[in-house]
Amino acid sequence: MSDHHPTGIKRWLFTTNHKDIGTLYLWFSFTMLLVGGAMAMVIRAELYEPGMQLVEPNFFNMMTTMHGLIMVFGAIMPAMVGFANWQVPMMIGAPDMALPRMNNWSFWILPFAALMLVMPMFMGGDFMQGQGPAFGWTFYEPLSGQYNKLAFFIFAVHLLGFSSIMGSINIIATIFNMRAPGMTLMKMPLFVWTWLITAFLLIAVMPVLAGAVTMMLTDKYFGTSFFDAAGGGDPVLFQHVFWFFGHPEVYIMILPAFGIVSQIIPTFARKPLFGYASMVYATAAIAFLSFIVWAHHMFTVGMPVAGELYFMYATVMIAVPTAVKVFNWTATMWKGSMTFETPMLWAIGFVFMFTIGGFTGLMLGVAPTDFQYHDTYFVVAHFHYVLVTGALYGIIAGVYYWLPKWTGNMYSEGLGKLHFWLSTISVNVLFFPQHFVGLEGMPRRIPDYNPMFADWNAISSLGGFVFGASQILFLVIIIMTIRGGKKATDQVWEGAEGLEWTIPSPAPYHTFETAPEVK
Amino acid sequence: MSDSKYYLPEPSHWPLVGSIGLFVTTFGFAFALLNYNAPVEEGGGTIGNLMVMYIGMAIIAFMMFGWFGTVIRESEAGKYNAQVDTSFRMGMMWFIFSEVMFFAAFFGALFYIRQLSIPWLAGEGNNAMTNELLWPSFDGGWASDGKAMVSPNPEAYPTPKAVVGAWGIPLVNTILLIASSFTCTFAHHALKKDARSKMITWMIVTLALGFIFLGFQIYEYSHAINDLGLTLSSGTYGSTFYMLTGFHGAHVTIGAIMLTIMTLRMIKGHFTPKNHFAFEAAAWYWHFVDVVWVGLFIFVYVL
């Protein structure tokens, strides 16, 4: 293979190159981040004061729904697949992904799925009345079954599932089959390990989600009664099937971020990762546990006590392998020769704030206390700590870490740090007060609220606006880095180790056509 | 099996064609379903024109011919080495695993309905008042319990006259499908010994068994719908029965199409005793639908 490839739009439409496809995934993800972020701005603007100011209640519901769906399926997951595409072949010394044409298909389904998802918002009726899905990102039956354009939503989920399953099959085949000689499983960089396990989770649960939405489809249009008690079904069955997908899904979003952070911290602590093997086993343990804890999302649904107890104990057990990870990251930094370049700042921010989200997760995992917190802003605060300051921080850290390898240019360290501090201060102003209003009893997914919650909501909204604006700075930094800047060396970071740092910056179009020897 | 280098395909337009096909298919279907919500006098409650969906399906079929054709040509030209072969094997294995999980969702729903929601609606445990207030006549009957088969609210979900018994056509179908798994393996052994006419004969026997199975399924469906009044809307029995057997039947159809193509390729002289992964992939898939059927026979028909 030579470096010759079609130019212009055809290069991107027909590409079979893992780097091109990785780039496509990452730009798609950034676009969705901005779209979903704009929706979050609408939510925070409406919640700035009690009372209805800006939007109709149904439009508000549509915003919370679409914000969640777009961020989960459009921003976080594709960004992680983008990293896998760029990095996994380079980190294991492979010439490309195992199945390059299918790789292209995995990506090019996504824009169509996104179109399918947002299209109903613009179909018929008054846009400001909210024509799109407005039943929450968890689309519980029977509420979602009332929606008149449900089929569009269902097929969007089906398409997203095709994309994820094919992408994951490709990643597993690449990792198992394409490693350079000498790259044994237990020598693989941790990012590769976390993605191997993530891909397994995706193949296991995306089909279950497809099954859930298929049952919704037939219930609504073809007379089945899976979720209708009048026929012998149960709306709670939907929640079980959904969360059997949904709980592994949250690990699908966070495990690759664990992997990214596990690459970054050793580099800037200039020490090997502490407890590599335990990190691998902890990741596998988290993945295993993720399959047997789903009903902790449903403690208040009226489960038998035995169910409550089982799901509570199983859930808090996840704290053990997660703590192994946090302690290992900390121990890696212990007595290291640390420097605090931008990727390291984001990684440390990740460790701190993801742990906060982990602790609130423990609080929610305890069934009797969850009865109090369920469906309040406390839950919103919890999952934004693990998904924004967790998954998204991992993504941003990874972008700063590998951007010099991808573009050949260094980003502006000053702007990068400014981006970090603006984001980190504002994100805490945004989400920390939501713990307080949640504990006081403010329900989630409402456009109006009791004036007793007004102060913290106003503060939260101000934090939200700053956090949103800070991400425009991120876009500016990335574009500046692509267009120019100080040339990056091959190794880029003094303490960086691994195959991707042995090749030139920017990485050539084809790398490792002859497999490197790993000792 | 040419040189040791991994075969990296040139840029390809087939994936994009496939995406467009998927989009047109699902859009066409969703658009037709919009009709469902219209007022009854404007055709509500029915499915609209499906022409767009059929166009999309044609695009997908076109893509499959093109893409698979490319792969077959590359394979016959010896462009794939042993490592590429392993990638294909892993791809197929994990694809089948994803299919297993898809069926698991429906089996899980069946178990939940039978073990939990039906007994609860019938008043089991602390649900006496649920039964009393909602549908007091509902006693939790399920076909194979020997009780009368009714749904909790027969006005919304009409009760069928009877359900499909396990020991007639379903038993015959079980024997047919298990037999076809064996004949498929016989074909594989013949292929490995390069006994090509024997191989083709066994393939034709396999296909015949598969198509007889499908024929019986179609006959059983029409009997159930027309004579027994068992439909998708006969409560959860109808829902789980048709969804599980229906998706299984769809998968048998896909498997039979795959095996048909393999047979045609064998007649054309494709495959060697050492290099015949496409056939093996189709055979794996065939065994998979066979195993699913055994699960169906036990949990849908017998128990």
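So that the names make sense, note that chain A is the first sequence line, chain B the second, and so on, each numbered from 1.
Residues B:Ser87 and A:Met178 form a side-chain contact, since some pair of their non-hydrogen atoms from C-beta on lies under 4.5 Å apart. Counting heavy atoms from C-beta on, the side chains of A:Trp108 and B:Ile20 never come closer than 4.5 Å. Put simply, the side chain of A:Phe244 reaches to within 4.5 Å of the side chain of B:Met101, judged on heavy atoms. Side chains of A:Ile169 and B:Phe95 form a contact here, defined as non-hydrogen atoms less than 4.5 Å apart. Within the 4.5 Å cutoff, no side-chain heavy atoms of B:Tyr6 are placed close to those of A:Phe512. Annotation: side chain of A:Asp234 is not in contact with side chain of B:Leu116 (no heavy-atom distance under 4.5 Å).
In this structure, no portion of A:Phe153 lies under 4.5 Å from any heavy atom of chain B. Within the 4.5 angstrom heavy-atom criterion, no atom of A:Met206 approaches chain B. When heavy atoms are compared at a cutoff of 4.5 Å, B:Trp67 approaches chain A solely by way of its side chain, counted from C-beta outward. The contact between A:Ile109 and chain B is made by backbone and side chain atoms together, counting heavy-atom distances below 4.5 Å. For A:His158, no part lies under 4.5 angstrom from a heavy atom of chain B. Of the two parts of A:Phe107, neither the backbone nor the side chain holds a non-hydrogen atom closer than 4.5 Å to a non-hydrogen atom of chain B. The parts of B:Phe29 that come within reach of chain A are both its backbone and its side chain, each placing non-hydrogen atoms under 4.5 angstrom from that chain. A:Met123 touches chain B through its side chain: at least one heavy atom from C-beta onward sits under 4.5 Å away, while N, CA, C and O do not. Heavy atoms of A:Leu217 lying under 4.5 Å from chain B belong exclusively to its side chain. Both the backbone and the side chain of A:Lys220 come within contact range of chain B, judged by heavy atoms closer than 4.5 Å.
Residue A:Asn148 holds its CG atom at 12.0 Å from CG of B:Leu33, rounded to the nearest 0.5 Å.
In terms of heavy-atom pairs under 4.5 Å with chain B, the best-connected choice from A:Ile172, A:Leu237, A:Val208, A:Thr514 is A:Leu237. Counting heavy-atom pairs under 4.5 Å between each of A:Pro304, A:Gly231, A:Ala98 and chain B puts A:Gly231 at the top.
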Decide yes or no on ring pair (Phe, Tyr, Trp, His ring centres under 6.0 Å) for B:Tyr112 and A:Phe226, but give the supporting numbers first.
CA-CA 10 Å; B:Tyr112 181 94; A:Phe226 288 101; over 10 Å; no
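Contact between A:Asn104 and B:Leu16 at its shortest, heavy atoms only, is OD1-N, 4.4 Å.
Between A:Phe152 and B:Phe27, the ring-plane angle classifies as perpendicular under the 30° and 60° cut-offs.
The contact list for residues 103-110 of chain B toward chain A, using heavy atoms and a distance under 4.5 Å, reads B:Ala105, B:Phe106, B:Ala109 by residue number.
Side chain of A:Thr16 to backbone of B:Pro9: a donor-acceptor contact under 3.5 angstrom is found. Although no hydrogens or angles enter the test, the distance criterion places no donor-acceptor pair under 3.5 Å between the side chain of B:Tyr157 and the main chain of A:Gly223. Looking at B:Thr236, its side chain never comes within 3.5 Å of a backbone N or O of A:Ser225 through a donor-acceptor pair. Judged purely by atom type and a 3.5 angstrom limit, B:Ser98 has no side-chain atom pairing as donor or acceptor with the backbone of A:Ile203.
Aromatic rings from B:Phe31 and A:Phe155 are positioned such that their centres are separated by 6.0 Å or more.
Partners of B:Trp135 by ring-ring contact (aromatic ring centres under 6.0 Å, His included), not counting sequence neighbours: none found.
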